[in-house]
Amino acid sequence: DVERVVANLLRIEPKARVRLIFHGPFAYQVTNSFRIYAAADVLEARLMDILREEKGGTYHVETDVDLDRFPEPCYRASITYTCAPERADELTRAVFAAIAAIQFDGIADSYIEKIREARRRTREKEVVRNSFWVRTLKNCVYFDRPFSDIAKFDDLVDGWNAAICRDAVRAYFRPERYIQVTLLPEK
């Protein structure tokens, strides 16, 4: 793990911005791709509940996933939030506690169902857009996947459950494979 604190020389706002980037090798298959993105969505929902609703520490938490095939297949999954500078360490500990809780205890079915429904709604909206098809077909070529993988979406969503989510969080949000960058306001 690598941690860096960077002074905010732009002086835009007196907030801390924390980004945790988990990274590692990635075996690209449509199942693994779905699982890492869905696990990130579950974490985002859970962290919003903890950091915003329970702790009142931030207005927004965002997760993001990037998959690369070259030069080596790898993933980067990030968690980003802003907060008062004096609460950055506290909230970061809460993030790691939430990750560990999911890795050990799993996640409530309500989060799984929330992500299932969100994924279905998003797919319904996107499937009618040309940009969806361009991106999806390009990804099939880039990741050397058969076009038939596109039709697996419903099965992946229907099969998503708490045990699969727990295993995905264990695989992709490992505490020994992260970089933390905290942007603090200049004093």
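Computation of the quantities below employed the complete heavy-atom set of this structure, encompassing side-chain atoms and omitting hydrogens, waters and symmetry-equivalent molecules. This chain uses plain numbering: 1 for the first residue, then up along the sequence.
The heavy-atom pair separating F173 from A39 by the smallest distance is CE1-CB, 4.4 Å. Scanning both residues, R177 and P25, for their nearest heavy atoms gives NH2-CD, 3.7 Å. Shortest non-hydrogen contact noted between A88 and A16 is CB-CB, 4.2 Å. The two residues R87 and C83 come nearest to each other via the heavy atoms C-SG, 4.1 Å. Of all heavy-atom pairs between C140 and P146, the closest is SG-O, 4.0 Å.
Heavy-atom contacts from other residues, nucleotides or ligands closer than 6.0 Å to CD of E72 number 12 or fewer. The environment of CG in D105 is crowded: more than 12 heavy-atom neighbours from other residues, nucleotides or ligands sit within 6.0 Å.
Here the side chain of W160 pairs no donor or acceptor atom with the backbone of R116 at under 3.5 angstrom. The backbone N or O of A168 sits nowhere less than 3.5 Å from a side-chain atom of R35 that would complete a donor-acceptor pair. Remark: the backbone N or O of T92 is paired with a side-chain donor or acceptor of Y81 at under 3.5 angstrom. Checked by atom type and distance alone, the side chain of E44 pairs as donor or acceptor with a backbone atom of T63 at under 3.5 Å. In terms of modelled atom types and a separation under 3.5 Å, the side chain of T136 and the main chain of F132 share a donor-acceptor contact. With hydrogens and angles disregarded, no donor-acceptor distance shorter than 3.5 Å links the side chain of E53 to the backbone of M48. Using a distance-only test at 3.5 Å, with no hydrogens or angles considered, a donor-acceptor pair links the side chain of R170 to the main chain of Q103. Listed for the R52 side chain is a donor-acceptor partner under 3.5 Å among the backbone atoms of Y59. D66 places no side-chain N or O within 3.5 Å of a backbone atom of R76 that could act as its donor or acceptor partner.
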Would F96 and Y178 count as a side-chain contact (heavy atoms from CB on, under 4.5 Å) if you check the C-alpha gap in whole Å, the side-chain angles of each, and the deciding distance to 0.1 Å?
CA-CA 11 Å; F96 280 102; Y178 82 96; 3.8 Å; yes
With side chain to side chain donor-acceptor pair (under 3.5 Å) as the criterion, how do E124 and T122 come out once you've worked through the C-alpha distance, each side chain's angles and the decisive distance to 0.1 Å?
CA-CA 5 Å; E124 285 174 12; T122 299; over 6 Å; no
Does the side-chain contact (heavy atoms from CB on, under 4.5 Å) test come out yes or no for L20 and S78, once each step is laid out?
CA-CA 5 Å; L20 303 169; S78 63; over 6 Å; no
When you look at V61 and T80, which way does the side-chain contact (heavy atoms from CB on, under 4.5 Å) test go after all the steps?
CA-CA 6 Å; V61 177; T80 306; over 6 Å; no
Derivation of the side-chain contact (heavy atoms from CB on, under 4.5 Å) call for H60 and T82
CA-CA 7 Å; H60 186 68; T82 58; over 6 Å; no
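In this structure, R123 is positioned above the aromatic face of F153, its NZ or CZ under 6.0 Å from the six-membered ring centre and within 45° of the axis.
Once rounded to the nearest 0.5 Å, the distance linking CZ of R129 with CZ of R135 reads 9.0 Å. Distance check: F22 CZ to Y172 OH gives 14.5 Å after rounding to the nearest 0.5 Å. Taking CD1 from I107 and NZ from K114, the interatomic distance works out to 9.5 Å, rounded to the nearest 0.5 Å. Distance CG/D41 to CD1/I36: 11.0 Å, rounded to 0.5 Å. Distance CG/L47 to CD/E54: 10.5 Å, rounded to 0.5 Å. Note that CZ of R46 and OG of S110 are 9.0 Å apart. Values are rounded to the nearest 0.5 Å.
Applying the side-chain hydrogen bond (donor to acceptor under 3.5 Å, both in side chains) test between E117 and each of R120, R121, R119 identifies R120 as the sole match. For the side chain to side chain contact (heavy atoms under 4.5 Å, CB included) criterion with F34, the lone passing option out of I164, L156, D149, D155 is L156.
Remark: the N32 side chain and the Y75 side chain contain no N/O donor-acceptor pair separated by less than 3.5 Å. Side chains of Y28 and R145: a donor on one and an acceptor on the other come within 3.5 Å. Between the side chains of Y142 and R69, no donor-acceptor pair is found at a separation under 3.5 Å.
Counting heavy atoms from C-beta on, the side chains of L91 and K55 come closer than 4.5 Å. A heavy-atom distance below 4.5 Å is found between the side chains of I112 and C165. Between V169 and D167 there is no side-chain heavy-atom pair separated by less than 4.5 Å.
Linking ILVMFWY residues whenever their side-chain heavy atoms come closer than 4.5 Å, directly or via other members, places F147 and W133 in the same cluster. Cluster annotation: V134 is not connected to V141 through the hydrophobic network of ILVMFWY side chains, with a link wherever side-chain heavy atoms come within less than 4.5 Å. Residues F70 and L67 are members of one and the same hydrophobic cluster, defined by side-chain heavy-atom contacts under 4.5 angstrom among Ile, Leu, Val, Met, Phe, Trp and Tyr. Side-chain heavy atoms closer than 4.5 Å link hydrophobic residues (I, L, V, M, F, W, Y) into clusters, and following such links, possibly through other members, connects I50 to V18. Under a hydrophobic clustering in which Ile, Leu, Val, Met, Phe, Trp and Tyr are joined whenever their side-chain heavy atoms come within less than 4.5 Å, directly or via other members, V128 and L137 fall into the same cluster.
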